[in-house]
Amino acid sequence: MSNNVNPPANETLNLDTVAVQAGRPSPSPDGPVNPPIFASTTLHAGGPAGYQREWNETTSYLEDLLGALDSGIATVYSSGMAAANAIIDLVPVGGVIVASSHSYTGVAMRLKELQEAGRLIVRLVDVTNATEIETAIRGEGTPAHWVWLESPTNPLMEICDIRAAAHVARDVGAYLVIDSTFMTPARQRPLELGAHVVMHSVTKGLAGHSDALLGSLVTNEPELARIFIERRILMGAAPSPFDAFLAIRGIRTLAVRVDRAEENAKIIANRLLEHPSVTAVHYPGLSSHPNAHIHDTQTDGPGTVMSFEVTGGAQGAENVCGAVALMTYATSLGGVETLIERRRRWPNENKDVPESLIRLAVGIENVEDLWRDLAQALETA
Ligand SMILES: Cc1ncc(COP(=O)(O)O)c(C=O)c1O
């Protein structure tokens, strides 16, 4: 069902304006300016939807907004993982999916368990190696059906050449999905680079306040969009209208939040680089990043997330995370508050991630306050 709400998909508007203006009710005398929360699982008979898993008016405003930001048709799910599973569900039985070897742990685990169950074949690739990606997509007589790539990868911040991957995928008739969660549409729009689908954990930078769990798939292929809604209905992965409302409210400030947090992140990354307790910094905003030159050609900035390694191994990293007072030791990213985390504390984290690696999701606090806190914590590494 198409969304019943407006906003002018005006190609001349810039993203920061679209984030504020799209996804609103059409103007009517005394009508609401903001989308209300429509808490109704069932709908009067006679329309094409009828039930909340198929359509909800609050969610449809969010879909308008996300679609406008990525120049496509958005389908919203109850989490980023639900959106990922909607894609994975589309790989034919025994079919091939190419995936980043350093994907987000939830996606990596899901692919692994399905491969072990004989449901599908996973070809893992180093996202920084365009030749390896091409070989995996083409296969030897068995090309991939779907390609799932992250750029930057979580948490190693590796960069994939999205245009090159899209070119090969289109050549063999495979669908390319980019998990663009770390970037948000404010910094990276994969559909414009040739990807068929962009996936977001809306939970993160889009919603932006660590208070709503949502995911989205955006495509400019209407048939795929139709299938995505079908997956939501059959997988039962419909979002809560309240969370959709929170995400809309959060996205209004997307551009200013990302600008501010990214400025903070650039300053912190450069200071970390000079710090004696830090052995490596992974951030595409640094000229030392091995794929910064590719990132620069496909994004509008390095974003708000980085990772770094400290002296003292796992214990050194735990000490740092435990010693911060202003930053919060918690998982996730993209919120207004700065979060810090030793990723290998999770038993299922990829073993390629160093024990001493800390992911830092920079927020919008004052950067000098943040640095003072991190600098004192680094003394414990
Ligand atoms: C890159 C990436 N993709 C997907 C997800 C899953 O999203 P959600 O937590 O909304 O299910 C996450 C969550 O951390 C993520 O970081």
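For this chain, numbers begin at 1 and follow the sequence in order. First listed ligand is number 1; within each ligand, the first listed atom is number 1.
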Do Arg187 and Asp259 meet the salt-bridge criterion of a basic N to acidic O distance under 4.0 Å?
-> yes
Nearest neighbour in protein (non-hydrogen) for atom 13 (C) of ligand 1 | Lys204 NZ, 2.8 Å
What is the nearest protein non-hydrogen atom to atom 6 (C) of ligand 1, stated with its residue, atom name and distance?
-> Tyr104 CE2, 3.5 Å
Tested for side chain to side chain contact (heavy atoms under 4.5 Å, CB included) against Met199, the lone hit among Ile87, Val218, Asp179, Thr219 is Asp179
Number the atoms of ligand 1 from 1 as they appear, then name those within less than 4.0 Å of a heavy atom of Ser79, with their elements.
-> 10 (O), 11 (O)
Short N/O distance, under 3.5 Å, between Asp179 and ligand 1?
-> yes
Check the angle between the aromatic planes of Phe38 and Tyr61 and answer parallel, tilted or perpendicular using the 30° and 60° thresholds.
-> parallel
Does Glu150 reach the side chain of His102, with side-chain heavy atoms less than 4.5 Å apart?
-> no
Which atoms of ligand 1 sit under 4.0 Å from any heavy atom of Met81?
-> 6 (C), 7 (O), 8 (P), 11 (O)
Among protein heavy atoms, which lies nearest atom 7 (O) of ligand 1, and at what distance?
-> Ser201 OG, 3.1 Å
Would you call Arg343 and Glu309 a salt bridge, taking side-chain N to carboxylate O under 4.0 Å as the test?
-> no
Check Leu214 against ligand 1 and report side chain, backbone, both or neither, counting heavy atoms closer than 4.0 Å.
-> backbone
Evaluate the side-chain proximity of Glu63 to Thr75: yes if any heavy-atom separation is below 4.5 Å, no if none is.
-> yes
Polar contact flag for Gly80 and ligand 1 (N/O pairs, less than 3.5 Å) | yes
Does Arg342 pair with Glu355 as a salt bridge, N-O distance under 4.0 Å?
-> yes
The closest protein heavy-atom partner of atom 16 (O) of ligand 1 is Asn154 ND2, 3.1 Å
Any N or O of Phe182 that comes nearer than 3.5 Å to an N or O of ligand 1?
-> no
